[in-house]
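Single-structure report; data block below.
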Amino acid sequence: MENMFRLMASEEYLPDRRCIWVNGPVIVGAGPSGLATAACLREQGVPFVVVERSDCIASLWQKRTYDRLKLHLPKKFCQLPKMSFPDHYPEYPTKRQFIDYLESYANKFDIKPEFNKSVVSARFDETSGLWRVKTTTPAGEEMEYICRWLVVATGENAERVVPELNGLKTEFDGEVVHACEYKSGEKYRGKRVLVVGCGNSGMEVSLDLANHNAVASMVVRSSVHVLPREIMGKSIFGISVMLMKWLPLWLVDTLLLILSWLVLGSLSKYGLKRPSIGPMELKSMTGKTPVLDIGALEKIKSGEVDIVPAIKRFTRCHVELVDGQRLDIDAVVLATGYRSNVPSWLQESDFFSKNGFPKSPFPNAWKGKSGLYAAGFTRKGLSGASADAVNIAQDIGNVWREETKRQKMRRNVGHRRCISVA
């Protein structure tokens, strides 16, 4: 409370603003990273508040993913701390199953986020030694949370990336959606659809379109690693994790590419060229995840999905490509990825860089200074977010327990003094 009194004495304290003192950390974001951190804090006996801009947990999964989505990795690599997936779940749980798992997770650990509260700013007050987190609701209600610890758990995919493409906004008359708005290929049946982007989302959207008898073309501007999701019934990710325990990264990449070639064959003749850097090294360096094939390659090889080069410009109902091709199209799906939104609200530059990711590389990207933490920014998926959550909760829990012990000792001393005076 001493810090709180210092804040009230500072010039910037406004008694007419609605402020809430949080006796523990504020967690920004109720996605898997925020839920995992909250659960681990609950186990440590540390109180917390979770604020979430949407009206539900895991809003990316509930509102901004397509219907056919499944986890790309086996469930054992995707479960959050302290709670496994149900035994009856398949190896690759569906979108609905994963959402059900997260809702059960929140119920088990009594995590009740404060929904519809978007953080507009968060900064560390040097005078008081506290974080000041300002939020607003859709109705315009403002709130300020005062806390010692701030956990940023808004994730790597907070905002869609929409590239500037010549003529797309000004000339093209067809439908344009981002992959986060795409639900199913049913509405595009018989239509000519251009998918911009060849990552996991672009590949899966193209597959879904082909399965619904749309005429799909996919823009591939650069090289891309495409790996089989499984080899002889074993997860390629699981194989890579096992190999990396014993072998150097370059050798693991070499073995993965040999295995992929044996299963998939050469892909360059279909317009898919591999990067010069191996898949695991590339992910480690840039965060770019290799594509795990779940059927799109079969559609590409059969000609049901056409690979095309970069875009030159859009016209009313056509797209012109850099190689001179001109395609008739009815709709465009932008599978162009997502970005962090941290720089738009966090007033801090020592820990987070301008791209919204911690400056420190893994495994030290979870802890900053002055009680600032980051969960889910390791580019290592749900397993990385879980590791962050465990580390954060242990770190805060250690301080919490030590301070609780000191407070008890002070109370006991005061109690003994009262007895002796009496």
Side-chain angles (χ1 to χ4, degrees), residues 25-44 46-119 151-160 179-183 200-201 204 235 237 289 338 340-341 366 373-393:
V26 167
I27 302 171
V28 183
S33 300
L35 296 177
T37 304
C40 291
L41 286 167
R42 182 74 74 200
E43 290 286 288
Q44 294 280 339
V46 180
F48 56 83
V49 168
V50 181
V51 293
E52 165 59 44
R53 65 178 177 178
S54 187
D55 60 357
C56 62
I57 65 168
S59 62
L60 175 66
W61 282 86
Q62 299 218 48
K63 297 186 176 185
R64 294 185 286 155
T65 50
Y66 36 89
D67 295 342
R68 62 162 288 126
L69 180 64
K70 295 182 179 180
L71 292 178
H72 288 161
L73 304 181
K75 60 184 179 180
K76 70 177 182 179
F77 295 110
C78 300
Q79 63 192 24
L80 301 185
K82 317 293 182 183
M83 180 173 152
S84 301
F85 281 99
D87 291 337
H88 67 274
Y89 272 28
E91 186 72 351
Y92 301 94
T94 65
K95 166 185 171 178
R96 183 65 257 171
Q97 288 172 326
F98 186 57
I99 293 170
D100 289 343
Y101 166 77
L102 293 178
E103 290 177 339
S104 298
Y105 190 84
N107 289 333
K108 177 178 179 179
F109 295 101
D110 194 29
I111 303 169
K112 298 176 181 178
E114 298 189 8
F115 294 119
N116 296 309
K117 292 188 176 179
S118 180
V119 176
V151 181
V152 179
T154 48
E156 304 168 3
N157 304 314
E159 305 290 345
R160 72 186 77 179
C180 67
E181 301 166 299
Y182 178 93
K183 296 302 178 185
N200 279 297
S201 293
E204 195 157 356
S235 159
F237 182 79
T289 303
Y338 301 85
S340 165
N341 69 358
W366 59 274
Y373 298 89
F377 291 90
T378 61
R379 294 187 171 101
K380 293 186 178 294
L382 292 166
S383 60
S386 295
D388 288 342
V390 171
N391 288 332
I392 292 168

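Values below: all heavy atoms of this structure, side chains included; hydrogens, waters and symmetry mates excluded. This chain uses plain numbering: 1 for the first residue, then up along the sequence. Model, not experiment: these values are computed from the prediction.
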Specify the closest pair of heavy atoms between Val390 and Pro81, including all atoms of both residues, with the distance to one decimal.
CG2-CG, 4.0 Å

So Trp61 and Leu69, do their side chains get closer than 4.5 Å, heavy atoms only?
yes

Distance check, rounded to the nearest 0.5 Å: Phe77 atom CZ versus His72 atom NE2?
15.5 Å

What distance do Arg96 atom CZ and Tyr101 atom OH have between them, rounded to the nearest 0.5 Å?
15.0 Å

Give the C-alpha distance, both sets of side-chain angles, the deciding distance and a yes or no for side chain to side chain donor-acceptor pair (under 3.5 Å) between Glu204 and Tyr66.
CA-CA 9 Å; Glu204 195 157 356; Tyr66 36 89; 3.3 Å; yes

Within a 6.0 Å radius of atom NZ on Lys63, are there more than 12 heavy atoms belonging to other residues, nucleotides or ligands?
yes

What's the shortest heavy-atom distance between Arg64 and Tyr338, and which atoms?
O-OH, 3.8 Å

Do Ser54 and Asn116 come within less than 4.5 Å of each other through their side chains, counting heavy atoms only?
no

Measure the OG-CG distance between Ser383 and Leu73 for me, rounded to the nearest 0.5 Å.
7.5 Å

Ionic contact status for Glu181 with Arg160, cut-off 4.0 Å:
yes

What is the distance from atom NZ of Lys75 to atom CG of Asp87, rounded to the nearest 0.5 Å?
6.5 Å

For a quick test of reading the model, state the closest non-hydrogen atom pair linking Asp388 to Gly376 and the distance between them.
OD2-N, 3.0 Å

Do Val151 and Val28 make a side-chain contact, defined as non-hydrogen atoms from C-beta onward lying under 4.5 Å apart?
no

Taking atom NZ as the centre, does Lys70 end up with more than 12 heavy-atom neighbours from other residues, nucleotides or ligands that are less than 6.0 angstrom away?
no

Of the non-hydrogen atoms in Ala36 and Tyr105, which two are nearest, and what is the gap between them?
CA-OH, 3.6 Å

pair Pro113-Val51: side-chain heavy atoms closer than 4.5 Å:
no

Residue pair Trp366 / Thr37, side-chain heavy-atom distance below 4.5 Å:
no

Hey, what do you get for NZ (Lys183) to CZ (Arg68), rounding to the nearest 0.5 Å?
14.5 Å

Give the C-alpha distance, both sets of side-chain angles, the deciding distance and a yes or no for side chain to side chain contact (heavy atoms under 4.5 Å, CB included) between Glu91 and Leu71.
CA-CA 9 Å; Glu91 186 72 351; Leu71 292 178; over 6 Å; no

Look at the aromatic rings of Tyr89 and Phe85 and report parallel, tilted or perpendicular, splitting at 30° and 60°.
tilted

Run the salt-bridge test on Glu43 and Lys108 with the 4.0 Å N-O cut-off and return the result as yes or no.
no

All heavy atoms of Gly34 vs all of Ile27, minimum pair found to be CA-CG2, 3.8 Å

Would you say that more than 12 heavy atoms from the other residues, nucleotides or ligands in this model lie under 6.0 Å from the NZ of Lys112, or not?
no

Check whether Lys95 reaches the backbone of Thr65 with its side chain - one donor and one acceptor, N or O, closer than 3.5 Å.
yes

Under 4.5 Å between any side-chain heavy atoms of Val50 and Glu114, yes or no?
no

Charged N to carboxylate O below 4.0 Å: is that the case for Arg53 and Glu159?
yes

Any non-hydrogen side-chain atom of Phe48 less than 4.5 Å from a side-chain atom of Val26?
no

Taking all non-hydrogen atoms of both residues, which atom of Glu52 and which atom of Ser59 are closest, and how far apart?
OE2-OG, 3.9 Å

Rounded to the nearest 0.5 Å, what separates atom CG in Asn107 from atom CG in Leu102?
11.0 Å

Any side-chain heavy atom of Pro90 sitting closer than 4.5 Å to one from Gln97?
yes

